[in-house]
Number of protein chains: 2
Amino acid sequence: MTVTIKDIAKVAGVSYSTVSKALNDSPLVKGETKKKVAAIANEMGYAPNFAAQHLVSKKSKIIGLIWPTIERAVLATLVTKISNELNKTPYSMILSVDPLERSLETFKKYKVDGAILFEEDVNVKISNFSPPILVYGVSRNNSSDYPVIDPDHQQAILKAVTYLYKLGHRKIAYIGQIPQNDPRQIAKYEGFKKALKKFGIEELNKTSIINTEGLDWYDGYSAINKLLALDEPVTAIIGGSYDISAGIVRGLKDKQINIPEDISVISYDNIPQMENQEVPLTSVGVPVEQLAIKIVHTLIDLMENEQPLPQVTMMTPVLTERISCAPIKQYY
Amino acid sequence: MTVTIKDIAKVAGVSYSTVSKALNDSPLVKGETKKKVAAIANEMGYAPNFAAQHLVSKKSKIIGLIWPTIERAVLATLVTKISNELNKTPYSMILSVDPLERSLETFKKYKVDGAILFEEDVNVKISNFSPPILVYGVSRNNSSDYPVIDPDHQQAILKAVTYLYKLGHRKIAYIGQIPQNDPRQIAKYEGFKKALKKFGIEELNKTSIINTEGLDWYDGYSAINKLLALDEPVTAIIGGSYDISAGIVRGLKDKQINIPEDISVISYDNIPQMENQEVPLTSVGVPVEQLAIKIVHTLIDLMENEQPLPQVTMMTPVLTERISCAPIKQYY
DNA sequence: TGATTGTTTTACAACGTTGTTATTTAGAAG
DNA sequence: CTTCTAAATAACAACGTTGTAAAACAATCA
């Protein structure tokens with residue numbers, strides 16, 4: 001037997017509509033009454049009935065999340081954090097693992113108030129779905145048909161290169177996947193090239209960009225062989241993703257190359273798991289917690305205040321120092 | 001403006017309560033009327049209002065899933081499949097990534113009708129939570145305080161060994177994690193030892209059990225070195241998990257050992273991704289789809305028909321042949 | 001024909017909440 | 001003391017659905 005506002009009303013000796021207003025902090029009830037009602041509600045363990053609220057308010061307080069088919073540690077972590085963040089709000093989340101169109105069908109059935117979409121291609125066309133949609137991905141030319149949260153891959157890589165440069169590194173490799181159609185990977189790759197140009201160390205690094213052709217652990221691992229086969233040895237490596245960097249660490253270890261004494265390593269993706277690598281990895285990227293908070297609150301904003309224009313939000317990546325980078329020796 | 005049963009009633013020229021009954025296939029309305037109403041509802045794009053249904057029925061039609069903190073491919077896939085399966089039912093799912101107690105708090109707030117718990121330790125104590133809970137894990141002595149779905153790890157490994165034995169293999173290695181406190185891993189390990197005993201090949205294999213101490217790709221990869229260092233060469237390997245087996249495949253490849261010509265490999269975990277390995281892996285285990293179906297429908301059963309006793313359901317693992325195993329040469 | 005029964009339909013309360021309108025109360029002004 | 005006003009509270013419809021009780025209709029029987 002769950003307690004309702006009517007139960008509270010009886011105990012408090014007021015009408016149930018007063019209880020409703022009191023609990024919603026309405027200016028129509030006396031402060032004193034509010035306090036009394038709140039106390040009683042708390043004591044009785046009152047929890048509002050979402051169904052009733054939904055019925056009258058026309059708001060479901062549910063948001064839909066379209067989960068990408070490929071499971072990667074980073075995205076799983078992001079989903080986790082988003083879920084955590086949502087728990088602090090009145091909203092809850094339903095997950096859909098179906099393709100976009102089917103997902104939206106499901107969301108319509110459940111009358112979600114909004115949706116989050118993890119999508120590489122920001123320029124998807126969505127028809128016949130009215131609640132606000134927030135996409136997490138790369139914005140093209142800082143514009144998009146939908147509001148976008150963009151973790152600014154380019155700037156992240158730039159920060160990594162800057163950091164290494166300041167430590168004295170001039171020969172820096174980039175190990176990552178460089179496919180034709182994944183704007184995220186392309187952004188990182190472009191970021192790397194731009195950074196080299198900025199610091200004027202472009203020429204030295206012509207060959208030390210290694211396309212792993214995959215995003216898995218082993219892709220990073222085997223890239224080390226290719227790297228060592230190059231004529232120009234390198235003093236630092238930027239790994240394009242968590243998994244790739246994990247492979248890099250293993251690969252270097254197997255070759256008896258020490259991190260950071262012999263070579264510095266820095267990884268894209270700023271997730272807590274970086275700490276748990278055999279060598280805790282210095283990494284760049286927007287911390288997932290921050291990303292999750294931004295995503296959740298931007299969507300809530302969108303749902304509650306009818307924003308006029310689709311907005312692109314660039315997030316600022318941060319560099320988290322751990323112990324996988326060291327200054328170049330001859331500089332000291 | 002969404003359509004309600006009242007809208008349908010007007011068009012159909014009947015009362016809205018008749019519409020409600022017709023749509024619920026009640027015996028109280030004429031077949032003819034049912035058809036007419038159904039047709040109109042369909043045409044008007046009617047979708048029931050869950051909030052209203054929940055309010056009157058006291059059922060939320062939501063189930064809670066407690067997501068384990070560690071993200072592994074297999075569990076992610078299982079969650080995915082469960083979500084898919086749930087989509088075919090009137091139920092939807094909310095995810096919680098919090099620890100057990102907090103998860104249950106959340107679930108109470110949302111008035112879930114039931115919960116699924118991925119848990120190593122089946123003998124958790126849960127207080128103050130009334131909806132049925134289904135746990136996915138290893139049953140101890142075929143009994144538990146809660147209904148359990150158990151994928152029968154032991155039998156799975158037995159099937160793997162039997163299969164290899166019939167192909168003529170006598171020297172079989174097991175590469176897996178063997179921790180003190182994870183019943184799942186222990187069950188597989190025990191299964192392997194029992195199988196050897198059954199086939200009388202126990203003695204030969206004393207040394208060819210390799211504890212990877214981890215469940216990651218690299219753990220399987222590096223286990224290959226240890227395996228090759230053994231005096232007794234082996235003709236077949238059983239990998240204890242998807243990730244470990246993926247590492248095994250890479251490890252063998254790096255040593256120029258061909259699968260299945262030089263060595264046969266079979267993996268625990270029956271997920272579709274096995275197909276996408278460099279060598280599509282023959283694998284044993286309850287197929288995730290089946291697992292998902294069983295989990296979902298057992299829980300629904302539990303929720304809808306108040307089962308009397310907590311029941312342990314052992315699932316039968318199947319062996320899916322792909323191309324990573326071959327008969328021993330000298331037998332042919 | 002009217003009573004009796006069974007079938008089909010309708011009316012309506014209920015679920016727990018919010019928002020609007022009506023009522024009560026208290027204090028100020030005349 | 002009324003009368004008026006503002007503040008506080010109460011009453012009640014509404015949200016969309018289900019289930020129960022009541023009504024309408026049709027067919028059967030005496």
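Only this structure's heavy atoms are used, side chains among them; waters, hydrogens and symmetry mates stay out. In what follows, chains carry the letters A, B, and so on, assigned in the order in which the sequence lines appear, proteins first and then strands, with residues in each chain numbered from 1.
A:N24 places its CG atom 16 Å from the C1' atom of D:dT9, with the value rounded to the nearest Å. The distance between atom CG of B:N49 and atom C1' of C:dT17, rounded to the nearest whole Å, is 14 Å. Distance, B:H54 NE2 to D:dT18 C1': 14 Å, rounded to whole Å. The separation between B:K58 atom NZ and D:dT18 atom P is 16 Å, rounded to whole Å. Atom pair B:L23:CG and C:dT9:P shows a separation of 13 Å (rounding to whole Å applied). Between the NZ atom of A:K6 and the P atom of D:dC12 there is a distance of 12 Å, given to the nearest Å. For B:K61 and D:dT17, the NZ to C1' distance is 13 Å, given to the nearest whole Å. Going from atom OH of A:Y16 over to atom C1' of C:dA14 covers 12 Å, rounded to whole Å.
With a 6.0 Å radius and a threshold of 12 heavy atoms from other residues, nucleotides or ligands, A:K111 has its NZ atom above the threshold.
Listed nucleotides: D:dT17, C:dT9, C:dT17. Nearest to the side chain of B:Y46: D:dT17. Listed nucleotides: D:dT17, D:dT18, C:dG16. Nearest to the side chain of B:S20: D:dT18. For A:S15, whose side chain is taken as the heavy atoms from C-beta onward, the closest listed nucleotide among D:dA10, D:dG16, C:dT17 is D:dA10. Considering only the side chain of B:L28, C:dT9 comes nearest among C:dT17, C:dT9, C:dC15.
Judged by distance alone with a 3.5 Å cut-off, a donor-acceptor contact links the side chain of B:S17 to the base of C:dA11. The base of D:dT20 lies close enough to the side chain of B:K21 for a donor and an acceptor atom to sit less than 3.5 Å apart.
When each of B:I8, B:T4, B:V3 is paired with B:K6, the side-chain contact (heavy atoms from CB on, under 4.5 Å) condition holds for B:T4 and for no other. Each of A:I116, A:L86, A:T313 was checked for a side-chain contact (heavy atoms from CB on, under 4.5 Å) with A:I295, and the lone residue meeting it is A:I116. Screening A:D25, A:T18, A:N24 for a side chain to side chain donor-acceptor pair (under 3.5 Å) involving A:K34 leaves a single residue, A:D25.
Side-chain atoms of A:H54 never come within 3.5 Å of backbone atoms of A:F50 as a donor-acceptor pair (strictly under, hydrogens ignored). Checked by atom type and distance alone, the side chain of B:N270 never pairs as donor or acceptor with a backbone atom of B:P317 at under 3.5 Å. Looking at B:T106, its side chain does come within 3.5 Å of a backbone N or O of B:R102 through a donor-acceptor pair. Of the possible polar contacts, one joining the B:T80 side chain to the B:A76 backbone as a donor-acceptor pair under 3.5 Å is found.
One axis for each end of the helix from C:dT1-D:dA30 to C:dG30-D:dC1, each built from five base pairs, and the angle between them comes to 80° at 10° resolution.
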(message) Can you build the contact string for nucleotides 23-28 of chain C? Use B for base contact, S for sugar-phosphate-only contact, and - for no protein heavy atom under 4.0 Å.
(response) ------
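For the residue pair A:V112 and A:P131, the shortest heavy atom distance occurs at O-CG, 3.4 Å.
Taking OG of A:S103 as the start and CD1 of A:I66 as the end, the distance is 4.0 Å to the nearest 0.5 Å.
Within the 4.0 angstrom heavy-atom criterion, only backbone atoms of the sugar-phosphate kind lie near A:T4; the bases stay farther away.
At D:dG16, none of the side-chain N or O atoms of B:Q53 fall inside 4.0 Å of OP1 or OP2 (strictly under the cut-off).
Nearest-nucleotide positions on DNA chain C place B:V14 closer to the 5' end than the other of B:V14 and A:V56. If you find the closest nucleotide of DNA chain D to A:T18 and to B:P48, the one lying nearer the 5' end belongs to A:T18.
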